[in-house]
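Here's the structure, in structure tokens; my notes come after.
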Amino acid sequence: MIFVTGGAGFIGSNFVLHRLARFDEPIVVIDKLTYAGNRENLASAQHDPRLIFSHTDICDGAAIAALFAAHRPRAIVHFAAESHVDRSILGPGEFIRTNVNGSFELLEAARKYWQELAAEARAGFRFLHVSTDEVYGSLGPDDAPFSETTAYAPNSPYSASKAASDHLVRAYHHTYGLPVLTTNCSNNYGPFQFPEKLIPLILQNALDGKPLPIYGDGLNVRDWLFVLDHCRAIERVLETGRPGEVYNVGGKNEIRNIDVVTVLCAILDELRPRAEGRYADLITYVKDRPGHDRRYAIDPSKIERELDWRPEETFETGIRATVAWYLDNRGWVDRVRDGSYRDWIDRQYGERT
Ligand code: NAD
Ligand code: DAU
């Protein structure tokens, strides 16, 4: 049995579904169901007895300790976080609470549980912390990509809160010997991404005929990775990573924002042409994000070399699959946008219980 925090969010739900399709091992999803948590993401596994859902805030240390005692997991994969940079600029408090205090509560509960385990279970236990490349700050055009030894230089409240959690995770290994693993990944895209992030937001605005907002000059660079490649990397680190180690995960797909949006417009022109004009006509430059990091790029050579992980999707294949998913799942997007995803579980089960 493993715990997955944040398993109703974008990457967490992809990870849970991917894992249930491949392994018999049960999973307890621990999720507070913030605005970003959507139980509908796990709908395809709703009748699977291996999936247990716990509606729990990771900041609630007593509740987390009770879950450890009840389920006795062999590992925990920690995705739960406030994850949107723009929201962290508008309201940093929740980012400190969940990303720093919540990670601390989780580490404390894990440490106490792990210290009581018998020797073999203790040796096999893992705490995998899912983090981000944003902790390394911003690169200049000619700088080498981020490696595991790049100095931390977070620039937003979001990345600062993730950096703080990374440091706590490291300290729990160094001080107590807790068998932790940390992954720092670049920008993900794919199914179930909440439509406030660049790619799903652009797709929805385009289909609605609304402006496609590009921050600043549109020349900021992100290193894009298809979400299932990230999930496969996490799985590889969980099973074969060395405790105490950090692994950077990225797809070597550095692309400027304006080019990402142009590609999305071209695919939509092909698959769902507008009655008049082209989708790129909707591109609109808007005021920049404060403190906007210019460039992220990951050097994934350590995880490639040590754990033999490589992405299976190119940006071309992954982005096409993503556009197709959003076109085929307009209902999912509509329920997110009108808020009805919040009561999906009531509608699903209300009359049955
Ligand atoms: P998301 O915002 O889509 O999902 C976050 C999930 O965490 C939601 O289900 C939410 O309900 C849950 N959550 C939030 N606060 C909680 C709390 N206090 N207790 C319990 N659950 C809580 O995020 P995502 O994009 O899937 O990112 C998942 C993780 O991966 C995050 O830690 C993020 O920092 C990291 N990451 C994301 C990306 C990316 O491109 N999205 C890249 C690298 C790393
Ligand atoms: O690098 C990993 C990070 O990637 C993760 O840690 C974060 O959780 C995840 O949200 C993502 O952060 P970004 O800030 O890079 O993602 P976002 O989708 O918000 O923005 C991607 C780029 O597009 C960024 O340069 C800002 C720009 N942008 C974004 C939005 C929402 C726009 O130009 N217009 C927009 O409307």
Side-chain angles (χ1 to χ4, degrees), residues 4-16 29-39 41-42 54-60 63-64 77-89 94-95 97-99 101-103 105-106 129-136 138 146 154-156 158-159 161-162 165-166 183-190 192-202 205 211-225 227 230-231 233-234 248-250 255-258 260-261 283-289 292-298:
V4 175
T5 72
F10 163 47
I11 309 173
S13 60
N14 275 284
F15 180 80
V16 168
V29 167
I30 300 172
D31 201 297
K32 181 184 172 184
L33 296 179
T34 67
Y35 78 93
N38 184 348
R39 284 210 58 182
N41 295 358
L42 299 170
S54 174
H55 187 190
T56 302
D57 184 340
I58 57 165
C59 298
D60 184 344
I64 298 294
V77 184
H78 176 33
F79 291 97
E82 288 291 334
S83 72
H84 187 37
V85 174
D86 291 320
R87 284 183 190 254
S88 84
I89 295 167
E94 206 51 37
F95 286 71
R97 205 184 80 84
T98 285
N99 300 0
N101 298 343
S103 297
E105 295 293 349
L106 218 50
H129 175 58
V130 180
S131 192
T132 170
D133 61 357
E134 300 203 11
V135 298
Y136 299 120
S138 184
F146 303 129
N155 290 319
S156 72
Y158 162 67
S159 53
S161 68
K162 291 295 289 187
S165 63
D166 292 8
T183 55
N184 292 87
C185 187
S186 59
N187 285 62
N188 284 213
Y189 65 96
F192 300 122
Q193 187 166 30
F194 199 82
E196 65 184 358
K197 305 281 175 80
L198 180 70
I199 287 177
L201 180 122
I202 293 296
N205 280 17
L212 310 181
I214 309 280
Y215 296 167
D217 61 8
L219 302 182
N220 302 64
V221 171
R222 297 293 182 264
D223 187 350
W224 294 94
L225 183 70
V227 63
H230 186 192
C231 294
I234 290 169
N248 281 0
V249 185
I255 311 179
R256 302 180 310 178
N257 291 341
I258 184 63
V260 170
V261 173
I283 289 175
T284 308
Y285 287 88
V286 300
K287 192 161 169 263
D288 210 352
R289 170 187 280 173
H292 195 176
D293 285 337
R294 192 64 171 169
R295 173 177 165 236
Y296 303 144
I298 280 276

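Just so you know, ligand 1 is whichever comes first in the structure, and atom 1 is the first atom listed for that ligand. Along the sequence shown, the residues carry numbers beginning at 1.
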Should you measure from each heavy atom of Tyr296, which atoms of ligand 2 turn up under 4.0 Å away? 1 (O)
Under a strict 4.0 Å criterion on non-hydrogen atoms, which protein residues are in contact with ligand 1? Gly6, Ala8, Gly9, Phe10, Ile11, Asp31, Lys32, Leu33, Thr34, Ala36, Gly37, Thr56, Asp57, Ile58, Phe79, Ala80, Ala81, Ser83, Thr98, Val130, Ser131, Thr132, Tyr158, Lys162, Cys185, Ser186, Asn187, Asn188, Lys197
If we ignore angles and hydrogens, is there a donor and acceptor under 3.5 Å between the side chains of Ser165 and His129? yes
For Leu201, the ligand 2 atoms with a heavy-atom partner under 4.0 Å come out as 36 (O)
Regarding Asp166 and Asn184, is there a side-chain donor-to-acceptor distance under 3.5 Å anywhere? yes
Distance filter under 4.0 Å to Pro213 heavy atoms, resulting ligand 2 atoms: 32 (C), 33 (O), 34 (N), 35 (C), 36 (O)
Please determine if His292 has a nitrogen or oxygen closer than 3.5 Å to a nitrogen or oxygen of ligand 2. yes
Out of curiosity, is Lys162 lining ligand 2, as in a heavy atom under 4.0 Å away? no
Is any NZ, NE, NH1 or NH2 atom of the basic residue among Asp217 and Arg256 found under 4.0 Å from an Asp or Glu carboxylate oxygen of the other? no
Would you check the N or O atoms of Asp86, main chain and side chain alike, for any that come under 3.5 Å of an N or O of ligand 2? no
Option of least heavy-atom distance to atom 19 (O) of ligand 2 (set: Lys197, Glu196, Arg289): Arg289
Considering the heavy atoms of Ile214, write down every atom of ligand 2 situated less than 4.0 Å from one of them. 33 (O)
Any cation-pi pair here, Arg87 with Tyr35, using under 6.0 Å and within 45°? yes
Given Asp288, Asn187, Leu198, identify the one with the heavy atom nearest to atom 16 (O) of ligand 2. Asn187
